[in-house]
Amino acid sequence: MAAGDRDAMKLIDIAIRNFRRLERVVIGFEKGETIFVGSNNSGKTSATAAFRCFLGEKEFKVHDLSVSRVPAIDAFGDGGEAEVLPTIELDLWFSIDPDHISFGRAFTLLPELSDELDKVGVRLKFQPRDPAKMRAEYWTAYPVSEGGTRTQRLSQFLGTDMNLKSHYEIAYYSLDATGAYTVETLLDSKDGRSLLKDLLRVDFVDAQRGVEDDEASRSSRLSTAFSAFYKKNLEQADAEESAYSVIDENNQKLTEHYKKHFGGLMEVIKGLGVPSINDRDLKIVSSLSPLVALQGSTDLLYIDQERQHELPESYNRLGFKNLIYMAIQISHFHLQWMKTEQNRPLCHLIFIEEPEVHLHAQMQQTFIANIWKIISEAARDTGKVDLVPQFVVSTHSSHILDAVDFTKVRYFQRCELEGEVHQAVSTLNASRVRSLRNFQPEPVAFDGAEVSSEESKRFLLRYLKLTHCDLFFADAAILVEGTVEKLLLPKMVEKSAPKLRTKYLSILEVGGAYAYRFEELLSFLNIPYLVITDLDSVDPDGRHPSCRGDHPGALTSNATLKQLLRVETVHQLLELTSEQKRDAVRDRCVAFQTGVIVEEDGNTLQMVPRTIEEAFAYENFALLRSGELRVGKDVPQDLGQAYEAIYERIKSSSFKKTNFALDVLSSEQDWATPGYIADGLLWLENRLTEVQDVQPLAES
């Protein structure tokens with residue numbers, strides 16, 4: 001390609017249908033890197049596996065069909081129509097420049113190009129070869145018994161031996177989206193395979209990379225990877241007769257040869273952030289016999305530069321090995337693509353699964369930038385600066401996520417099968433995919449001013465980056481007021497909703513003024529969430545100073561309560577029922593302080609806390625009275641005076657909230673979780689463990 005044309009053709013969109021969890025999803029691809037995130041078993045691996053089956057060397061299995069489609073196979077086996085037989089489909093859409101000369105060889109089989117056409121598509125379909133023949137063989141293998149049934153269903157028949165491979169095949173279609181509908185045109189199988197080969201090369205850096213500390217396993221050692229890289233990508237050494245008689249001399253020459261030709265790659269690896277100044281350098285030396293050594297066999301050593309002491313490969317940490325191994329693989333795939341002079345595929349896609357394995361946080365944060373450094377160095381060294389691949393990085397690392405533009409994130413979430421509702425959480429057998437590029441919050445009108453869509457979006461993205469947010473991997477989110485709630489929440493969960501300990505919860509400290517800004521994002525991601533915030537009662541007169549929660553006519557200064565619940569007075573808030581604090585559409589519950597009945601010596605008094613510290617004191621009044629818990633001030637004997645004293649002490653500037661929380665955590669006493677928090681945690685526990693409504697499957 002000519003300079004400046006690196007974006008002339010890219011894979012821009014894919015659609016997957018009926019493959020495992022992915023019943024019907026559309027995923028947009030970025031020109032550079034696309035990031036797949038989501039909780040475990042949300043479909044990220046399935047998306048990669050679809051490419052392996054259609055474009056790699058992995059064979060389809062009958063269980064690759066979405067579970068909702070298997071009954072259709074069995075229905076056909078029982079005598080149904082062939083039209084019900086399901087297929088697995090992968091659509092690939094590429095951006096194009098019709099004037100680019102290199103497209104001619106690839107697009108002769110596609111619809112006629114025009115100046116208005118900016119993309120072309122190919123559909124790969126795993127479909128039955130001959131449905132009638134397949135059913136006939138099934139009936140022969142499993143005839144009807146005396147009871148009128150067969151001992152195995154058709155899906156079971158296809159799952160044994162090579163039956164699926166015998167009766168299903170990959171068919172190729174060109175796609176035309178210029179009209180109102182996308183039209184598919186069947187291609188000759190040979191032409192379809194050739195077309196796809198011209199369009200796209202796909203490589204995989206697997207999650208299980210076999211980089212281990214077991215030195216006995218030669219196949220898992222980095223030296224093996226370096227040797228393979230050398231044989232396939234670098235200039236080979238010339239054998240001299242003297243090498244066969246002087247082993248040491250020739251090994252020395254080969255070591256110098258490796259140093260010369262691996263120099264570029266080694267410098268890139270050293271620039272990845274490891275080894276640090278306290279680590280050892282890398283050195284590749286020739287080993288074994290001269291005959292084998294000349295074929296490129298190598299050992300990787302770690303050199304103490306000060307003492308020139310050599311240590312074997314197994315003496316370095318797994319994170320370093322993992323990073324080097326990925327660098328070698330990515331460099332190899334990229335070089336092999338660039339070195340393809342005849343009919344080089346127009347696009348190159350590299351999948352990288354879970355690169356964070358064994359990498360510390362700093363390595364994870366710089367991983368994407370380091371990958372592009374490897375690619376840029378290789379492209380520059382070969383003089384082909386415009387031949388750059390696209391990457392798909394599948395990760396569970398919030399550190400990797402922090403370092404990328406959120407518009408490049410694709411969020412995978414478990415959902416119900418198409419057409420089904422009221423599914424239990426544990427039986428969500430399908431997935432939806434959300435593109436963060438499409439996230440656009442609605443403007444929010446508040447206190448006479450409007451927070452624009454772009455301002456809300458900027459705030460959310462800045463917050464997520466600054467807090468290393470793990471929101472995209474969570475089963476649910478809890479938004480808390482401040483440090484005290486965040487410190488005490490794990491113990492409160494243990495006391496009040498222990499089943500939540502097995503769930504992946506993202507705890508966001510957002511204050512009372514900003515929690516409502518997360519409403520659009522959490523709804524977009526369809527994540528259930530609990531908001532734990534403060535009543536924040538203020539006097540209705542004057543400049544609205546703080547007041548006790550039972551002050552006549554008190555208002556709330558809490559922006560989140562006013563925005564989410566649409567009420568402004570404390571009286572209205574205290575009158576809300578549990579159901580009114582919940583929103584089934586938004587999948588949300590709002591928890592705030594309510595009145596606490598304090599009993600002592602036959603006397604009772606309702607105390608209305610305005611903060612979590614007050615609520616904790618009133619709920620655990622007996623411990624406060626006994627001195628087991630302290631607020632830094634003596635508590636009067638009279639309940640009314642005690643109420644006022646606790647309120648005044650906690651609102652004072654000298655009261656250290658964090659110290660109070662740490663004292664609670666260090667206490668050996670069996671304290672009680674404030675009731676409003678316990679109620680909210682129980683709602684979330686039930687929401688994640690019992691039958692639920694899930695929004696319909698959507699493409700986005």
Side-chain angles (χ1 to χ4, degrees), residues 15-25 40-91 123-173 189 193 202 204 206-208 351 353 412 414-420 423-424 426-431 697:
I16 302 174
R17 288 176 286 276
N18 302 333
F19 184 74
R20 301 186 187 177
R21 301 187 59 87
L22 308 178
E23 285 190 305
R24 183 168 54 89
V25 299
N40 287 325
N41 199 32
S42 61
K44 304 185 299 297
T45 301
S46 294
T48 303
F51 278 84
R52 290 184 186 275
C53 292
F54 277 113
L55 296 150
E57 298 179 353
K58 184 177 177 61
E59 292 185 354
F60 283 99
K61 305 294 183 183
V62 70
H63 299 296
D64 287 329
L65 276 164
S66 299
V67 294
S68 61
R69 303 298 184 255
V70 174
I73 290 181
D74 293 333
F76 175 74
D78 293 339
E81 297 296 326
E83 287 73 16
V84 304
L85 280 171
T87 62
I88 299 175
E89 299 177 9
L90 172 64
D91 292 354
R123 174 168 295 164
L124 288 71
K125 188 181 296 187
F126 188 62
Q127 62 185 29
R129 282 191 176 90
D130 186 336
K133 181 180 178 182
M134 177 175 68
R135 183 162 58 188
E137 289 193 14
Y138 162 61
W139 283 358
T140 300
Y142 298 98
V144 176
S145 65
E146 292 182 0
T149 61
R150 304 180 194 275
T151 57
Q152 285 199 3
R153 308 303 304 272
L154 177 56
S155 59
Q156 295 173 301
F157 169 75
L158 293 175
T160 58
D161 300 325
M162 300 293 288
N163 292 331
L164 184 67
K165 185 175 182 180
S166 299
H167 294 290
Y168 266 71
E169 64 181 355
I170 297 177
Y172 302 85
Y173 298 80
S189 294
R193 283 192 295 270
V202 182
F204 304 90
D206 297 324
Q208 302 298 325
F351 284 89
E353 291 192 274
F412 287 68
R414 298 186 297 269
C415 66
E416 81 295 340
L417 294 170
E418 189 173 4
E420 294 184 356
Q423 292 295 299
S426 59
T427 60
L428 297 178
N429 290 316
S431 295
L697 182 67

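- For Arg135 (side chain) and Gly80 (main-chain N/O), a donor-acceptor pair under 3.5 Å exists by modelled atom type.
- With sequence neighbours left out, the side chain to side chain donor-acceptor pair (under 3.5 Å) criterion links Tyr142 to Gln152.
- Ser166 pairs by the side chain to side chain donor-acceptor pair (under 3.5 Å) definition with nothing, not counting sequence neighbours.
- Put simply, the side chain of Phe126 does not reach to within 4.5 Å of the side chain of Thr87, judged on heavy atoms.
- The closest side-chain heavy-atom distance from Gln156 to Asp74 is not below 4.5 Å.
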Which side-chain N or O atoms in residues 45-56 pair as donor and acceptor under 3.5 Å with protein atoms at least two apart or in another chain?
{"from": "Arg52", "atom 1": "NH1", "to": "Asp206", "atom 2": "OD1", "distance (Å)": "3.3"}
{"from": "Arg52", "atom 1": "NH2", "to": "Asp206", "atom 2": "OD1", "distance (Å)": "2.2"}
{"from": "Arg52", "atom 1": "NH2", "to": "Glu353", "atom 2": "OE1", "distance (Å)": "3.4"}

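- Minimum heavy-atom separation, Ser42 to Ser431: O-OG, 2.5 Å.
- Going from atom NZ of Lys44 over to atom CZ of Arg21 covers 10.0 Å, rounded to the nearest 0.5 Å.
- Nearest heavy-atom pair across Val84 and Ala72 is O-CB, 3.3 Å.
- Within the model, atoms CZ of Phe157 and CD of Glu137 stand 5.5 Å from one another, a figure rounded to the nearest 0.5 Å.
- Residues meeting the salt bridge (charged side-chain N to carboxylate O under 4.0 Å, His left out) test with Arg20, sequence neighbours left out: Asp64.
- Ring pair Phe60/Phe19 is perpendicular by interplanar angle, where above 60° counts as perpendicular and below 30° as parallel.
- Rounding to the nearest 0.5 Å gives a distance of 9.0 Å between CG of Leu158 and CG of Leu65.
- When every heavy atom of Asn40 is checked against every heavy atom of Arg414, the shortest pair comes out as O-NH1, 2.7 Å.
- Distance alone, capped at 3.5 Å, is enough to place a donor-acceptor pair between the Trp139 side chain and the Gly77 backbone.
- Under the salt bridge (charged side-chain N to carboxylate O under 4.0 Å, His left out) criterion, Asp78 pairs with Arg153, not counting sequence neighbours.
- Shown here are the salt bridge (charged side-chain N to carboxylate O under 4.0 Å, His left out) partners of Glu169, two or more places apart in sequence or in another chain: Arg129.
- In this structure, the separation between OG on Ser155 and OH on Tyr138 is 8.0 Å, given to the nearest 0.5 Å.
- One distance of note links CG of Leu164 with CE of Met134; it measures 9.0 Å at 0.5 Å rounding.
- Between Gln127 and Glu89 the shortest side-chain heavy-atom distance does not fall below 4.5 Å.
- Here the CZ-CG distance, from Arg24 to Asn18, works out to 10.0 Å after rounding to the nearest 0.5 Å.
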